[in-house]
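Contents: one structure, followed by commentary.
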Amino acid sequence: MSDTAQNLVKINNFFSQFQAAVTAQSIQKLVLSKYQGPDALKQVQIRPVLLKEQWQLSFTYKYKTNDITKNFLATAAIAEVKALLGTTFFAANLFTTDAETQITFSKKGKCLVKTKAITLKDNNSVQVNAAQVVAHNREKQRYLSLQQPFLQALGVTDAQHKLIPAMSRKWKQINKFIEIFANAVQEAGLADLQNLHIADFGSGKAYLTFAMHDYISNHLKSTAQITGVELRQNLVDLCNATANKLQLTGIQFEQGDVKHFKAKGINIMVALHACDTATDYALHMGIATGAEIIMCSPCCHKQIRPQMKMPQILAPMLQHGIHLGQEAEMVTDSLRALLLEAHGYSTKVFEFISLEHTSKNKMILATKRKQAKDPSQVLAQIAEIKQFYGIEQHCLEQLLADPAA
């Protein structure tokens, strides 16, 4: 049998497994990867969902800067996968209650398929997860309620205010963020302050921006002026339209970025997943405006890594790229935390949400101290760390030293 014929048999067998899993509703997840096409698309993640009592497959198209979710009935979902796999996507991982199957296409066009049976123990775990994914209608109320209209408007809940299964991770992230936000507000003594001014940089689709507004309005019974700042005009328009539709006051969205946005009198500065030095600009703005709370979740640590000169004792460990990247991330965020400490803040660095739900899971939380503290010891520590790693420039440090910044 020729290579082409063998490939065709393997592909057809994979599609048969996929179709059988869909028909039996035993599919847990399908991930399409190795994209080769004109768009900035990285992956498609496919999961079963139950919408209006109807079993469907939710496709999350993961682009470089945003995600797009579409839901398909079984027949349409099968057709969509057949149209994508082998044309623009050249790898797939299929997870069912019985097995895990991987298909990949080599550069020479050869098709490789691997299947691993799931043990009884694994199967029990999968069945539990399936129940959680497909029938995720049980509300886990913390600081927010699934009944809130903004969640339906943003696609987190359906018309009956039931959690859409494909949004369960986002719902968990929103709740965790508000838990941290609420505790920080209490610790900073802002819970009784009227008309809190909050700036959320890189607000995106504004799940967290609307959640903060809801918490302040409905839990604290207070008022706020919340501004979401986002580069993408289409998201700015979408969020302003949502706020107007819900007749919310004290929340607005503007097009811009943290480097050029002029803000005064901010009580709380939020910047989640600001890329590279955008985090430094956000931290600087928070410090410069005297924010009582600064919440940042950094990503893409690029500035420090090229500068780092490896101390000889660490060279055997940091010769591996992944270790060097992790070290650069740790050094970058440690210097940020220390610079915040030196400028009057008590700082915590911790896991924001578990790696199970997002890879960008670190948060820097800074609350302004009531009493001034001599920064000389912290500044000396910063100098020692920079000298140890041969670091000459750190963006936040430069911004803080520049009166015109």
Side-chain angles (χ1 to χ4, degrees), residues 11-33 41 43-63 67-89 91-103 115-141 145-147 151-175 205 207 356-357:
I11 294 169
N12 287 337
N13 285 342
F14 181 83
F15 281 134
S16 294
Q17 288 184 47
F18 170 62
Q19 187 166 348
V22 172
T23 302
Q25 297 186 4
S26 62
I27 181 174
Q28 304 303 307
K29 180 172 65 173
L30 174 65
V31 179
L32 306 182
S33 57
L41 184 58
Q43 274 190 350
V44 178
Q45 297 181 0
I46 303 160
R47 295 176 180 273
V49 295
L50 193 64
L51 299 176
K52 298 180 180 179
E53 305 304 320
Q54 191 170 36
W55 193 92
Q56 300 181 39
L57 286 173
S58 178
F59 285 59
T60 302
Y61 301 79
K62 303 188 77 65
Y63 289 85
D67 296 346
I68 296 176
T69 300
K70 298 180 182 180
N71 300 315
F72 295 91
L73 296 175
T75 302
I78 292 169
E80 178 72 359
V81 171
K82 286 184 176 181
L84 295 174
L85 186 58
T87 56
T88 53
F89 287 91
N93 286 74
L94 173 64
F95 300 86
T96 71
T97 53
D98 301 316
E100 175 186 342
T101 302
Q102 180 186 59
I103 183 170
T115 299
K116 182 180 75 172
I118 293 179
T119 64
L120 180 61
K121 179 180 178 181
D122 293 333
N123 187 270
N124 289 337
S125 176
V126 167
Q127 294 287 1
V128 170
N129 289 335
Q132 292 172 342
V133 170
V134 177
H136 208 303
N137 294 323
R138 183 181 61 193
E139 183 178 346
K140 298 179 180 178
Q141 186 173 358
S145 166
L146 285 171
Q147 302 300 313
L151 292 170
Q152 182 183 343
L154 297 178
V156 178
T157 59
D158 60 20
Q160 287 74 44
H161 300 289
K162 301 289 183 63
L163 178 64
I164 295 174
M167 300 300 291
S168 60
R169 293 185 180 188
K170 178 59 68 177
W171 173 236
K172 187 179 288 289
Q173 183 190 48
I174 294 169
N175 268 290
K205 200 174 176 181
Y207 297 103
E356 176 188 356
H357 303 287

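Side-chain atoms are counted along with the backbone in the values below, which use heavy atoms only and exclude waters and symmetry mates. Model, not experiment: these values are computed from the prediction. This chain uses plain numbering: 1 for the first residue, then up along the sequence.
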Just wondering, do [Y] and [X] contact through their side chains at under 4.5 Å, heavy atoms?
X    : Y    : answer
F14  : L85  : yes
T101 : F18  : no
V81  : F59  : yes
K29  : Q45  : no
W171 : L146 : yes
Q17  : T115 : yes
I27  : L57  : yes

Check whether any side-chain N or O of Q28 sits under 3.5 Å from a backbone N or O of S26 as a donor-acceptor pair, and report yes or no. yes
Show which side-chain atoms of residues 68-75 pair as donor or acceptor with protein atoms under 3.5 Å away, not counting sequence neighbours.
residue, atom, partner, partner atom, Å
N71, OD1, S58, OG, 3.0

Write down the atom of [X], the atom of [Y], and the distance for their closest heavy-atom approach.
X    : Y    : value
L84  : T87  : O-OG1, 2.9 Å
I164 : G155 : CD1-O, 3.4 Å
V49  : A166 : CG1-N, 3.7 Å
Q102 : N93  : NE2-ND2, 3.6 Å

To the nearest 0.5 Å, atom CG of D67 lies from atom NZ of K62 at 3.5 Å
Sorted by chain and residue number, the ring pair (Phe, Tyr, Trp, His ring centres under 6.0 Å) partners of F89 (sequence neighbours excluded) come out as Y35
